[in-house]
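Structure first, commentary second.
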2 protein chains.
Amino acid sequence: MIKPRSRRGGGRPTIADVARKAGVGAITVSRALREPERVSEELRRQIQAAVDELGYVPDPNARALASARAEVFGVLVPSLTNNVFAEVVRGIYDSLSASPFRIQLGNTHYSGLEEERLLQVFGSQRPAALIVAGIDQTPTSRKLLESAGCPVVQVMETGPDPVDMMVGFSHLDGGRTATEHLIEAGYRRIGFIGARMDPRSQRRLAGYRAAMEAAGLFDPRLVTTTPVLSSVSLGREMLRDALAKVPTLDGVFCNNDDIALGVLFECHRASIAVPKTIGIVGFNDLDMMQVAFPSITSIRTHRYEIGRRAVAMALAAIAGNRPEQRIVDLGFELKRRESTAR
Amino acid sequence: MIKPRSRRGGGRPTIADVARKAGVGAITVSRALREPERVSEELRRQIQAAVDELGYVPDPNARALASARAEVFGVLVPSLTNNVFAEVVRGIYDSLSASPFRIQLGNTHYSGLEEERLLQVFGSQRPAALIVAGIDQTPTSRKLLESAGCPVVQVMETGPDPVDMMVGFSHLDGGRTATEHLIEAGYRRIGFIGARMDPRSQRRLAGYRAAMEAAGLFDPRLVTTTPVLSSVSLGREMLRDALAKVPTLDGVFCNNDDIALGVLFECHRASIAVPKTIGIVGFNDLDMMQVAFPSITSIRTHRYEIGRRAVAMALAAIAGNRPEQRIVDLGFELKRRESTAR
DNA sequence: CTGCGTAATGGTAGCGCTACCATTTTCGCC
DNA sequence: GGCGAAAATGGTAGCGCTACCATTACGCAG
């Protein structure tokens with residue numbers, strides 16, 4: 001004898017309830033919701049009415065299980081509070097808000113191991129796409145990405161060897177451009193100040209070094225770095241360190257804008273004239289750079305656009321028309337401002 | 001005749017594969033992974049070996065479907081780039097990284113309608129808990145939260161009528177404290193400058209107003225607000241507006257630190273002495289406040305801690321011991337700095 | 001030696017949905 | 001008018017897991 005066991009799931013309406021009410025088969029309801037064009041006008045209306053009346057919402061878990069594919073984008077970034085990644089993530093969210101896709105956001109804390117762990121967890125959900133920051137995945141992570149069975153977009157940087165697709169720009173070129181600008185403006189003892197030396201910062205440093213060497217100005221003592229997470233207060237301290245090492249310092253290319261702002265404040269505090277005595281260049285061009293007094297020269301990067309573009313490429317790939325241009329370089333822009341106007 | 005149809009899901013090992021390899025029943029594998037203490041030492045080891053060898057990772061979708069409960073925390077915040085919420089979210093992520101729970105993060109863009117939509121989407125997943133920013137949900141949202149069938153924590157604010165639990169502080173008291181500090185420091189024509197006037201900002205304004213009225217100093221022309229999203233550059237513009245309306249302005253309580261920083265920069269640019277001619281107080285106490293020149297007085301709020309506490313309360317509730325203190329006020333702290341040291 | 005509580009394990013039947021394969025209906029065209 | 005193809009709809013059998021009940025093994029009181 002079959003016991004009509006009471007529903008395990010708290011009694012929410014299921015697709016079968018909708019089907020019954022609309023007088024159609026369950027599969028037709030399923031289709032009406034996912035591929036409306038394959039269901040006749042009339043049934044579609046009947047089904048919609050039943051859905052509305054019952055307040056039916058499809059269970060994404062059951063969907064994922066049955067179709068072996070979850071409507072989820074996995075997104076991995078190294079930091080949630082760093083405005084740069086927050087902007088990328090915002091771009092991703094905005095591009096996906098009108099779609100059925102949900103977002104699974106992971107924070108790697110700049111750790112390769114944590115990235116591997118999260119990739120493992122995300123992969124187990126059979127995501128529709130994966131978006132990861134950076135191009136320096138560990139071999140294990142790379143393998144996980146390659147075997148994920150979904151489109152993968154690496155963002156923030158471009159490089160020669162994408163797992164699948166890439167959207168970003170060259171941090172090396174950015175660093176070089178910033179440094180060349182200082183050199184052209186007449187600065188000579190130009191320091192590099194960098195916190196949280198992740199791979200992208202390393203490449204900006206490499207760009208700095210290339211420019212300095214090309215001009216015959218490079219001196220290792222001009223480089224000040226720390227693995228500590230960057231912050232405005234750290235910028236202040238690091239300028240002091242840099243000046244202690246090289247009192248004749250007359251310019252700084254900062255790893256990022258937080259550091260640059262800290263440097264500016266320390267200059268105010270120590271009555272160092274900007275741009276006269278010291279020139280300052282930041283990186284990323286946060287809103288505050290143009291408002292600062294004096295306004296700060298920076299490399300404008302297109303974070304929000306990177307997020308949007310990554311989603312667009314992933315969606316195209318999901319739809320079956322993988323973009324022929326797999327590596328998209330969104331470039332950057334040197335914003336000349338008062339802090340280097342000597 | 002039964003066709004041994006090839007596996008739909010890309011051939012990843014399932015719990016049945018593990019069970020076969022370990023020579024036990026599937027249900028025992030399930031138990032070994034979820035409640036190891038209920039399985040004998042020996043089988044546990046055998047099963048673990050099989051799991052490792054096959055590289056088995058449980059499918060969270062199947063789990064959620066079978067148990068009618070997903071291991072997901074739904075988190076709703078109004079903005080991803082606002083550092084304040086980014087910190088809360090970071091606290092949540094850090095507290096949950098060692099647990100099996102995933103996080104579903106939603107961005108409401110300060111919109112009640114969008115919040116309702118996301119709540120609907122999140123609810124359909126049967127999350128383990130919901131964390132939402134603010135206490136001003138629409139009636140529909142509130143109903144959705146009440147019927148979610150899981151612990152709910154409202155964060156950032158405290159109020160009299162929690163859906164379930166609350167962690168935050170009083171924005172009204174914060175606004176009052178900031179304003180009283182300016183009054184005590186001797187400022188009289190104290191303005192309020194606020195962007196993005198969400199409910200929390202409204203309450204900070206109410207606190208400002210209460211303090212000003214108590215001192216007999218209130219004047220509606222001192223209040224300058226805009227619904228535009230706050231930014232440093234907006235702070236600069238708004239100070240200009242405020243000064244145009246009230247040239248005798250001698251202090252400003254800013255909605256938040258971005259605005260305060262913009263105000264400071266504008267003072268520099270217009271050669272207005274801080275704190276002598278104008279005193280400035282911010283809100284939230286971002287890192288840069290203490291580094292700014294002059295350093296800026298602000299109300300320190302405990303964002304990261306709010307995130308951690310919210311998770312701790314939710315986890316306790318899930319475990320069955322709902323905290324007896326359902327409303328947790330984490331308070332705030334007035335950080336006196338140079339910008340109000342007259 | 002029986003009876004019975006407890007611990008350890010397993011079988012069965014779904015959870016709510018969709019892939020896959022019918023089946024039915026419609027329609028254009030010779 | 002008949003036929004094949006295409007469009008519209010439905011049935012069945014899972015997806016991979018766990019809730020809910022057995023069932024077995026074991027220890028101990030009576």
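Just so we're on the same page: letters track the sequence lines, and every chain starts at 1. Remember, it's a predicted structure, so these values are computed and weren't measured experimentally.
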Between [options], which one does the side chain of [X] approach most closely?
| X | options | value |
| --- | --- | --- |
| B:Ile27 | C:dG16, D:dA19, C:dA19 | D:dA19 |
| B:Ser67 | D:dG16, C:dG10, D:dA19 | D:dA19 |
| A:Val39 | D:dT9, D:dT18, D:dG16 | D:dT9 |
| B:Leu65 | C:dC15, D:dT9, D:dC17 | C:dC15 |

[X] [atom1] - [N] [atom2] separation (whole Å):
| X | N | atom1 | atom2 | answer |
| --- | --- | --- | --- | --- |
| B:Ile15 | D:dG14 | CD1 | P | 19 Å |
| A:Arg69 | C:dC17 | CZ | P | 20 Å |
| A:Asp59 | D:dC17 | CG | P | 16 Å |
| B:Glu42 | C:dA7 | CD | C1' | 15 Å |
| A:Gln46 | D:dT9 | CD | C1' | 13 Å |
| B:Arg20 | C:dG10 | CZ | C1' | 16 Å |
| B:Arg126 | D:dA19 | CZ | P | 13 Å |
| B:Arg63 | D:dC17 | CZ | P | 8 Å |

With heavy atoms under 4.0 Å as the rule, sort A:Arg31 into base, sugar-phosphate or nothing. base
Ignoring backbone atoms, establish whether [X] has a side-chain N or O less than 4.0 Å from OP1 or OP2 of [N].
| X | N | result |
| --- | --- | --- |
| A:Ser40 | D:dA8 | no |
| A:Thr28 | D:dG10 | yes |
| A:Ser30 | C:dC17 | no |

4.5 Å side-chain heavy-atom contact, A:Val84 and A:Met156: yes
Side chain proximity check, A:Val328 to A:Met165, heavy atoms < 4.5 angstrom: no
Salt-bridge test for B:Asp17 and B:Arg12: reply yes if a basic N is under 4.0 Å from a carboxylate O, no otherwise. no
Between B:Arg322 and B:Asp164, is the salt bridge (Lys or Arg N to Asp or Glu O under 4.0 Å) condition met? List the steps. CA-CA 10 Å; B:Arg322 210 173 213 77; B:Asp164 182 3; 2.7 Å; yes
Just wondering, more than 12 heavy atoms not from B:Arg90 lying within 6.0 Å of its CZ? yes
Assuming nearest nucleotide by heavy-atom distance, tell me which of B:Ala62 and B:Arg38 is located more 5' along DNA chain D. B:Ala62
